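None of these values were measured; they are calculated from a predicted model. Remember, it's 1-based here, ligands and their atoms both numbered in the order they're listed.
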Amino acid sequence: AQVNGTLNNKRFPDDFKFGVATASYQVEGAWNEDGKGENVWDQVTHRVPSPIVNNDTGDVACDSYHKYKEDVAMLKDLGVDFYRFSISWSRILPTGFDNKINEAGLQYYKNLVKELRANGIEPLVTLYHWDLPQPLQDIGGWPNEIIIDKYVDYARVLFRELGDEVKYWLTFNEPKQTCNAGYGLAQKAPFITSPGMADYLCTHNVLRAHAKTWRLYDEQFRKDQKGTIGITLDIQWYEPSSNSTADIEAAETKMQFALGWYANPIVYGDYPSIMQSNIARRSAQEGFKESRLPQFTEEEKKYMKGTYDFLGVNLYTASLVRATDEPNPSMGLDEDSEVLAWQPDDWETAFSSWLKVVPWGMRKLVTWMKNTYDNPKIMITENGYSDSGTLEDDGRISYYERYLSSLRDAMEFDEVDVIGYAAWSLMDNFEWLAGYSEKFGLYHVDFNSPNRERTAKKSALWYKNLLETRCLVEECVD
Ligand SMILES: O=S(=O)(O)CCCN1CCN(CCO[C@@H]2O[C@H](CO)[C@@H](O)[C@H](O)[C@H]2O)CC1
């Protein structure tokens, strides 16, 4: 356990998988090469004025589309068990619809998977990491339920074309970002402002698309391909700001609105009851004839329940939560929860303003998930630290040591079934609204050079050593 700052000294189990993660729009570049169609991130980063720092775009990014062999060499050198990357829907289906498959785009991913396997590295594929084909957004995007079957068609192409070599799948990366940030608060593409309305419609369709895809794999591909398929949810740990009953309940409510929104339907078949009751009451007060939170039919609930082999979770930070007796009457996910969350200014912070360094939140989160979702297999599919780009990144090493120690504590003392961990990220890449101004990589990338040279930071050598010893301290105990 972490006693006065010491690290957990237990070795990670032999079957525990270590990896690193990236995402298509953030690293690939080649935004319009070899038949790739436009996606919502191409569209928003090309807007004038641009919402992105320094007008940065993913047009070239790390140029992984051309430099994937170099990337695999880095992965090999790190000694990872797996590489988590995402597939660009519009590189496979340029219009988003499956009536036209872009063979060159498909070939890129076949080549990447082949290169990984040739180096003994397991591919873990995220089907969707936010880059929706623009033609699908033009007909409404995720709030339009026609999207459900278009996503399933896309998934079917990937299972069919890549499923012989890819055995680990994630349907979505962070659907809350797609829906709440993308369609509620205009913080992510397509930057639509419809809080407490389009975010709920988006989620209702994402969840049904996820369930249909999990069932498709389970019924039509798993027997032959013998793979495993989950989803990645983003969450921060929400800690009660006092031990009052009201604040403890407020923190639980916040977890239900921020993680239960997706995990409850997938594990138990329906939205959390606190979401259903709060939003129904507030919708009635606002004069709506029905709740702003869509309802699943009874058969949808049965169909949805249990659609996961494991739960992926991205954890970076934490916040404090307190109750309030003056709830904000506006519509929105945060307002509908009727609790207040914040990050104290004096908490240790990374370079990204939202990223407070709160290692104990890792153990709290995965133990809460064990207790709340009946002890599921959990994979940490992202965890990482931002700085302004130094090669001597001691801050990143310290972050990883403390978060991994907290994770190992949860495995040792709370017996949480954690099956793996991926560091975000293999290399510096396009950090969404922050462009290239915030660096998350174990490797530095020179975005001023057309060759996008990669250079190992101090943290890369630290991670390589961890993967060799599988232990956070000098003297490890089995
Ligand atoms: O800035 S603001 O305060 O107005 C809004 C904060 C937005 N947070 C940022 C982190 N994100 C979860 C992590 O998101 C993940 O983390 C990585 C690092 O961000 C990304 O590069 C990955 O693509 C993403 O999967 C949740 C939303």
Side-chain angles (χ1 to χ4, degrees), residues 19-28 39-41 45 51-53 56 58 61-62 64 84-88 124-132 170-189 191 193 195 199 231-238 254 257-259 261-262 312-319 332-334 341-343 345 347 349-358 361-362 365 379-388 396 399-400 403 421-442 445:
V20 293
T22 64
S24 45
Y25 188 77
Q26 295 180 269
V27 300
E28 286 180 0
N39 63 48
V40 294
W41 279 96
T45 59
I52 312 297
V53 164
D56 286 340
C62 307
S64 288
R84 176 180 176 235
F85 63 95
S86 80
I87 290 185
S88 176
L124 165 61
V125 170
T126 308
L127 276 74
Y128 186 83
H129 199 121
W130 307 354
D131 35 8
L132 182 72
L170 295 163
T171 54
F172 289 92
N173 176 73
E174 303 193 348
K176 183 164 84 248
Q177 296 311 310
T178 296
C179 294
N180 182 44
Y183 292 91
L185 304 176
Q187 286 172 347
K188 294 272 187 321
F191 290 96
T193 305
D199 39 12
I231 184 170
T232 273
L233 304 175
D234 69 287
I235 187 67
Q236 53 177 300
W237 173 249
Y238 287 104
K254 188 66 181 178
F257 269 76
L259 181 57
W261 189 12
Y262 299 95
V313 68
N314 291 352
L315 177 82
Y316 289 83
T317 188
S319 289
L333 180 72
D334 291 346
W342 75 96
Q343 295 177 312
D345 292 340
W347 277 6
T349 185
F351 194 59
S352 311
S353 57
W354 54 271
L355 214 173
K356 304 300 183 208
V357 180
V358 191
M362 173 66 88
L365 168 71
M379 178 183 280
I380 305 299
T381 41
E382 284 178 38
N383 173 243
Y385 176 87
S386 59
D387 59 25
S388 55
R396 177 165 292 108
Y399 178 96
Y400 279 132
Y403 270 81
Y421 174 93
W424 182 270
S425 178
L426 168 63
M427 59 188 147
D428 298 339
N429 59 56
F430 180 80
E431 178 51 27
W432 310 112
L433 290 185
Y436 300 102
S437 66
E438 294 172 10
K439 315 291 186 180
F440 277 87
L442 294 169
V445 177

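Using a 3.5 Å distance cut-off with no hydrogens or angles, the side chains of Y316 and D234 do not pair a donor with an acceptor. For the 3.5 Å distance criterion, the side chains of S24 and S86 qualify, holding a donor opposite an acceptor. For the residue pair T317 and Q343, a side-chain donor N or O sits within less than 3.5 Å of a side-chain acceptor on the partner.
Classification of the Y436-F430 ring pair by plane angle, with boundaries at 30° and 60°, yields perpendicular.
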Under 3.5 Å: N or O atoms of ligand 1 paired with protein N or O:
residue  : atom   : partner : partner atom : Å
ligand 1 : 14 (O) : E174    : OE1          : 3.0
ligand 1 : 14 (O) : E174    : OE2          : 3.1
ligand 1 : 16 (O) : Y316    : OH           : 3.1
ligand 1 : 16 (O) : E382    : OE1          : 3.3
ligand 1 : 19 (O) : E431    : OE2          : 2.7
ligand 1 : 21 (O) : Q26     : NE2          : 2.9
ligand 1 : 21 (O) : W424    : NE1          : 3.3
ligand 1 : 21 (O) : E431    : OE1          : 2.7
ligand 1 : 23 (O) : Q26     : OE1          : 2.8
ligand 1 : 23 (O) : H129    : NE2          : 2.9
ligand 1 : 23 (O) : W432    : NE1          : 2.9
ligand 1 : 25 (O) : H129    : NE2          : 3.4
ligand 1 : 25 (O) : N173    : ND2          : 3.1
ligand 1 : 25 (O) : E174    : OE2          : 3.2
ligand 1 : 25 (O) : E382    : OE1          : 3.0
ligand 1 : 25 (O) : E382    : OE2          : 2.9

* To do: Report the C-alpha distance between V358 and Y403 in whole Å, list the side-chain angles of each, state the deciding distance to 0.1 Å, and finish with yes or no for side chain to side chain contact (heavy atoms under 4.5 Å, CB included).
  => CA-CA 8 Å; V358 191; Y403 270 81; 4.1 Å; yes
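Residues D131 and E28 fail the side-chain proximity criterion, which asks for heavy atoms closer than 4.5 Å.
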